[in-house]
Amino acid sequence: MCIVIRSVNRRNRWYDEDIVQGAIQRVPYKIGTRDYDTAIVQVMASDGSVKQLEFSEVASMVVAELKNKAEEYLGRTVEYAVMTIPQHFAAAHSGEAEYAGKMAGLDVVWTVTEPTAAAVAHGLHTKLRERGTALVLRVGGGSSDASLVVLLDGRFQVFGYRMDNFLGGDDFDDRVVDYFAKRIKLKHGVDISQDRIGLGKLRAACENAKKALSSQDHVQVIVESLVDGVDFSEPLSRSEFEELNDDLFRKVMNLVETAMVNRGGIKWSKSKIGEIVMVGGSAVIPRIQNLVRDYFDGREPNIRRKPDEAMALGAALYVHSL
């Protein structure tokens, strides 16, 4: 059997770069350095010892868990995998992703770039004519990117690409968590930002509220025993959620605008875009869809496939066609 795995490895960076230092402030685990300033993850083992792991080792653990889950679901051994990788991955990065799969006990038979996988999932390889162009916008949990893909000789090539490593659903959740944390401090006099367990409960509730607001106008955010044994319950409307995240949603659109400028600095005409595809778990947010629709003068984006499953499906279809 074969499973499709989406790689979440980031671009290699030196430890002292701003982007790495910014990540250190955001993640719940410790990041250190090893040999030539290479970033590593520090974790505590069950025996209390501290282990230092490279990112490929951590990735292999994630892949191994996915492999186990797939085998439990299918009732058979999984030997082969297809991986989707970010557009900006160089050959070395792709090799690391494949190595992580190998350490997890998988034979990675192919890697497919995310824009290509998204385009194939939506059938653009048959819909677009030769030299036809599509805009692929991915809004994920931790990162977002926009790609301008062109069909040339039956294959997709990227002529415009823009990515933000720290812009996605997690950031939208953070805004709501911060909003309620201030309400809690005002109402109960408790700084929940210092309570990791309580903050985790609130974050989970805010994430669920975000998802519900994609189909509802109002939700009730409820957390049992959040503050000193007191249950938390506050309303949140879609309009409030959109207001809290307005600047972040506009950053997503900035990715689209900059991706529409080709390598020569010439902006692509919106009328030349044959298809507009949206993928990623946060692509279902109505406000983001509306911004995309407005940018393309009322044209409807293609979100017919489940946004959080589209790239895995596209990768499988792409490799099958080969």
Side-chain angles (χ1 to χ4, degrees), residues 1-11 56 59-138 140 143 145-159 161 163 274-275 277-281 283 302-322:
M1 292 296 294
C2 171
I3 58 175
V4 180
I5 300 173
R6 178 173 175 265
S7 171
V8 293
N9 289 356
R10 303 291 194 199
R11 182 197 302 261
S56 58
S60 72
M61 296 177 185
V62 175
V63 174
E65 184 64 19
L66 291 172
K67 178 179 182 293
N68 291 337
K69 293 294 184 182
E71 290 177 339
E72 290 176 9
Y73 179 80
L74 296 170
R76 66 186 74 178
T77 301
V78 174
E79 301 176 69
Y80 306 99
V82 178
M83 281 190 172
T84 63
I85 57 175
Q87 176 63 33
H88 66 257
F89 266 27
H93 305 136
S94 300
E96 288 183 9
E98 292 177 11
Y99 180 63
K102 183 177 181 180
M103 285 195 293
L106 289 168
D107 180 3
V108 180
V109 297
W110 208 273
T111 57
V112 184
T113 63
E114 293 173 346
T116 294
V120 172
H122 291 80
L124 302 193
H125 53 304
T126 58
K127 291 181 181 178
L128 294 178
R129 65 184 187 282
E130 177 67 8
R131 296 187 177 276
T133 307
L135 186 286
V136 178
L137 173 63
R138 182 187 66 84
S143 62
D145 56 75
S147 307
L148 201 65
V149 299
V150 180
L151 187 65
L152 293 173
D153 298 325
R155 293 182 178 273
F156 290 108
Q157 294 190 25
V158 175
F159 280 76
Y161 179 71
M163 179 179 190
E275 288 278 349
V277 169
M278 293 181 66
V279 295
N302 189 334
I303 324 176
R304 285 192 290 274
R305 299 292 185 186
K306 291 184 178 180
D308 53 352
E309 300 176 4
M311 282 187 292
L313 172 63
L317 291 173
Y318 179 81
V319 173
H320 178 71
S321 69
L322 296 177

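Throughout, residue positions are numbered sequentially from 1 according to the sequence presented. Because only heavy atoms are used, hydrogens play no part in the values below, and waters and symmetry mates are left out as well, while side chains stay in. Quantities reported herein were computed from a predicted structural model and do not represent experimental measurements.
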side-chain contact (heavy atoms from CB on, under 4.5 Å) against [X], all qualifying residues, sequence neighbours excluded:
X: V150; value: T133, L152, F159, W268
X: S94; value: I85, F89
X: L151; value: L128, F156
X: A117; value: T84, V112, M311, A315

In Å and rounded to the nearest 0.5 Å, what is the [atom1] to [atom2] distance from [X] to [Y]?
X: M163; Y: E114; atom1: CE; atom2: CD; result: 7.0 Å
X: T111; Y: M83; atom1: OG1; atom2: CE; result: 9.0 Å
X: E275; Y: N302; atom1: CD; atom2: CG; result: 5.5 Å

Open item on the list: Enumerate the side chain to side chain donor-acceptor pair (under 3.5 Å) contacts for residues 146-157, please, sequence neighbours excluded, ordered by first and then second residue.
Closed with: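 Side chain to side chain donor-acceptor pair (under 3.5 Å) check on residues 146-157 returns R155-Y318.
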Applied to residues 303-317, the side chain to side chain donor-acceptor pair (under 3.5 Å) test, sequence neighbours excluded, yields none
At their closest point, which heavy atom of [X] faces which heavy atom of [Y], and how far apart are they?
X: V63; Y: G101; value: CG1-CA, 4.2 Å
X: A81; Y: L106; value: CB-CD1, 3.9 Å
X: A70; Y: V78; value: CB-CG2, 4.2 Å
X: A283; Y: M278; value: O-CE, 3.6 Å
X: A310; Y: A121; value: O-CB, 3.1 Å
X: A100; Y: S56; value: CB-O, 3.7 Å

Salt bridge check, E71 against K67: does any charged N sit closer than 4.0 Å to a carboxylate O? yes
- If we only count heavy atoms from C-beta on, is the E79 to D107 side-chain gap below 4.5 Å? no
- Task: Please report the C-alpha distance between V158 and T113 in whole Å, then the side-chain angles of each, then the deciding distance to 0.1 Å, and finally whether the side-chain contact (heavy atoms from CB on, under 4.5 Å) criterion is met.
- Result: CA-CA 10 Å; V158 175; T113 63; 5.6 Å; no
